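This report refers to the structure that appears directly beneath it.
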Amino acid sequence: MKRRSSLQKFHHRWRRKFFALLLFLFCIATFLLMEAEHSRINLLTFISPPLRNPKIAFLFIARNRIPLDMVWDVFFQGDAENRFSIYVHSRPGFLLNTATTRSTFFLNRQINDSIQVEWGEASMIQAERILLQHALVDPFNERFLFLSDSCIPLYNFSYTYDYIMSTSTSFVDSFADSKESRYNPRMHPVIHVDNWRKGSQWVILTRKHAGIVVEDKTIFPTFQLHCKRKSLPEFWRDRPLQKSLNEEITRRSLTHSSWDISSSRDNERRGWHPATYKFGDATPTLIQSIKGIDNIYFETEYRREWCTSKGKPSQCFLFARKFTRPAALRLLNMSALGVSGKATGAA
């Protein structure tokens with residue numbers, strides 16, 4: 001009996017040790033499998049980094065602060081997917097901090113190598129090129145959108161993003177200039193008179209075209225030499241893109257301006273500046289009238305451009321200028337802009 005009992009105890013101890021060994025081996029195998037899976041995931045992440053949405057770079061050209069920052073604040077709140085970046089060109093030394101903006105989106109978004117810009121001179125072109133240089137550093141910036149400090153968005157972020165990203169083209173306003181006096185013959189042969197065109201500076205460029213503009217070493221120096229308030233910078237913008245790139249450009253701007261040909265007392269500058277919308281002008285009716293525009297007529301070319309998006313008829317403009325701060329805030333308070341909430345096609 002004692003011998004049998006000893007054998008039973010021995011077998012029990014052996015079974016316990018055997019099961020303990022199996023459990024230990026199972027834990028080791030599980031650990032090794034987990035390590036292998038972790039290494040595989042890290043390798044895949046290294047080979048194929050996580051997908052990120054392409055972004056629109058919003059390039060603001062401002063005198064100092066962004067007076068309509070709170071309107072844009074509401075607009076940018078409509079994005080939860082990191083689909084935009086902001087760059088601001090202000091006068092040299094100006095800082096966007098808590099004392100100069102109430103929007104966190106604009107804090108420290110000024111570029112630190114800005115220049116003094118003079119209206120109608122090549123310095124405006126240089127400011128645009130500096131903004132593009134900064135924005136091109138981010139590899140996820142795919143569109144480059146120029147805005148003034150008096151621009152307002154007409155739609156919410158999602159609708160605006162989809163409209164711009166749904167096409168592979170740049171939006172560059174470009175039409176024949178009927179005033180021959182603006183062409184400087186000294187630009188020939190770099191810029192031939194037959195290629196002299198005018199257009200809005202508020203363009204949207206693809207990454208490819210932004211790179212072409214920044215790398216241009218022929219057209220811009222010509223404007224620097226001859227652009228002395230006579231040859232306005234808006235004549236330059238599509239020049240580096242003209243050769244063999246016509247099919248990659250939609251020749252209209254997405255920013256609406258209302259040109260007032262009688263507001264200036266200076267006959268020579270009359271018609272060179274768009275009308276400014278003030279507090280009393282800011283009504284839902286005004287915004288709806290701008291949103292209702294579905295075609296643009298170019299008088300100098302006898303050409304009518306019907307606006308489309310995703311192959312279907314659409315509104316022509318996503319932004320509008322020039323709005324004073326009281327006017328823009330009034331529209332925001334009246335919910336006339338539709339800059340918040342989900343996209344609804346014609347939000």
Side-chain angles (χ1 to χ4, degrees), residues 55-80 82-121 123-138 140-141 143-157 160-161 201-204 210 233 255 257 273-279 281-282 318-337 339-340:
K55 296 193 293 186
I56 298 176
F58 288 78
L59 311 178
F60 289 86
I61 298 179
R63 294 173 180 84
N64 296 298
R65 66 182 68 205
I66 304 294
L68 310 185
D69 56 353
M70 295 313 297
V71 176
W72 286 103
D73 188 276
V74 176
F75 174 79
F76 289 128
Q77 286 181 39
D79 174 52
N82 190 30
R83 293 178 293 175
F84 70 91
S85 53
I86 299 172
Y87 304 83
V88 180
H89 185 287
S90 296
R91 62 174 173 80
F94 183 82
L95 299 177
L96 285 164
N97 52 35
T98 54
T100 56
T101 180
R102 292 186 295 162
S103 170
T104 56
F105 291 110
F106 288 98
L107 286 175
N108 300 315
R109 297 314 304 159
Q110 77 285 340
I111 59 175
N112 296 322
D113 55 348
S114 62
I115 62 172
Q116 188 64 43
V117 173
E118 299 295 335
W119 182 87
E121 294 190 359
S123 55
M124 177 65 78
I125 302 172
Q126 180 62 11
E128 294 174 348
R129 284 161 56 99
I130 293 172
L131 280 168
L132 288 174
Q133 288 171 352
H134 281 270
L136 282 167
V137 172
D138 186 341
F140 294 101
N141 286 335
R143 296 294 185 275
F144 302 80
L145 163 62
F146 284 100
L147 295 161
S148 78
D149 56 8
S150 64
C151 278
I152 61 170
L154 298 174
Y155 300 93
N156 62 44
F157 184 91
T160 302
Y161 181 90
Q201 74 181 92
W202 313 114
V203 303
I204 301 176
T255 298
S257 299
H273 292 284
T276 297
Y277 296 109
K278 300 180 180 179
F279 182 86
D281 305 313
L318 300 179
F319 312 97
R321 60 187 296 267
K322 301 168 57 174
F323 285 82
T324 63
R325 181 181 176 87
L329 292 179
R330 184 187 190 193
L331 291 170
L332 183 64
N333 292 333
M334 297 171 70
S335 300
L337 297 178
V339 294
S340 61

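If you read the sequence from its start, that first residue is 1, and numbering goes on from there. Just so you know, these numbers come straight off a predicted model, no measurement behind them.
With no hydrogens or angles considered, no side-chain donor-acceptor pair links Asp138 and Ser85 at under 3.5 Å. Checked by atom type, the side-chain pair Ser148/Ser150 shows a donor-acceptor distance below 3.5 Å.
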Self-check item: Ser103 and Asp69: CA distance, side-chain angles, deciding distance, side-chain hydrogen bond (donor to acceptor under 3.5 Å, both in side chains) verdict
Solution: CA-CA 6 Å; Ser103 170; Asp69 56 353; 5.9 Å; no
Quiz item: Could you go step by step and tell me if Leu147 and Phe319 meet the side chain to side chain contact (heavy atoms under 4.5 Å, CB included) rule?
Solution: CA-CA 9 Å; Leu147 295 161; Phe319 312 97; 4.0 Å; yes
Quiz item: Checking side chain to side chain contact (heavy atoms under 4.5 Å, CB included) for the pair Arg65/Thr101: CA distance, chi angles, key distance, verdict?
Solution: CA-CA 7 Å; Arg65 66 182 68 205; Thr101 180; over 6 Å; no
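Tyr87 is listed as a side-chain neighbour of Asn141, based on a closest heavy-atom distance under 4.5 Å. Two residues are said to be in side-chain contact when any heavy atoms from C-beta on lie closer than 4.5 Å; Val71 and Pro153 meet this criterion. In this structure the side chain of Phe146 reaches within 4.5 angstrom of the side chain of Leu132, judged on heavy atoms. In this structure the side chain of Val88 reaches within 4.5 angstrom of the side chain of Phe106, judged on heavy atoms. At least one side-chain heavy atom of Leu145 sits less than 4.5 Å from a side-chain heavy atom of Ile204.
When all heavy atoms of Cys151 and Leu68 are compared, the pair lying nearest together is O-CD1, 3.4 Å.
Of the candidates Phe76, Phe144, Phe105, Phe58 forms a ring pair (Phe, Tyr, Trp, His ring centres under 6.0 Å) with just one, namely Phe76.
Although no hydrogens or angles enter the test, the distance criterion places a donor-acceptor pair under 3.5 Å between the side chain of His89 and the main chain of Ile115.
Here CD1 of Ile130 is found 12.0 Å from CD1 of Ile125. Values are rounded to the nearest 0.5 Å. Of the inter-residue distances, the one linking Thr100 atom OG1 with Asn64 atom CG reads 9.5 Å to the nearest 0.5 angstrom. To the nearest 0.5 Å, atoms CZ (Phe157) and CZ (Phe75) are separated by 6.0 Å. Rounding to the nearest 0.5 Å gives a distance of 10.5 Å between CD1 of Ile61 and CD1 of Ile66. Atom CG of Asp149 is separated from atom NZ of Lys322 by 8.5 Å, given to the nearest 0.5 angstrom. Between atom CG of residue Asn82 and atom CZ of residue Phe140 there is a gap of 9.0 Å, rounded to the nearest 0.5 Å.
Counted within 6.0 Å of CZ on Arg91, heavy atoms from surrounding residues, nucleotides or ligands total more than 12; the atom is thus considered enclosed.
Close placement of the Phe60 and Trp72 rings is indicated, their centers lying within 6.0 Å of each other.
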Using residues 324-332 as the side-chain source, report each donor-acceptor pair under 3.5 Å to any protein atom, sequence neighbours left out, with the distance given to one decimal.
{"unit_1": "Thr324", "atom_1": "OG1", "unit_2": "Tyr277", "atom_2": "O", "d": "3.4"}
{"unit_1": "Thr324", "atom_1": "OG1", "unit_2": "Ala327", "atom_2": "N", "d": "3.3"}
{"unit_1": "Arg325", "atom_1": "NH1", "unit_2": "Pro67", "atom_2": "O", "d": "2.3"}
{"unit_1": "Arg330", "atom_1": "NH1", "unit_2": "Phe279", "atom_2": "O", "d": "2.8"}
{"unit_1": "Arg330", "atom_1": "NH1", "unit_2": "Ala282", "atom_2": "O", "d": "3.3"}

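Applying the salt bridge (Lys or Arg N to Asp or Glu O under 4.0 Å) test to residues at least two apart or on different chains, none of the pairs has a partner in residues 97-115.
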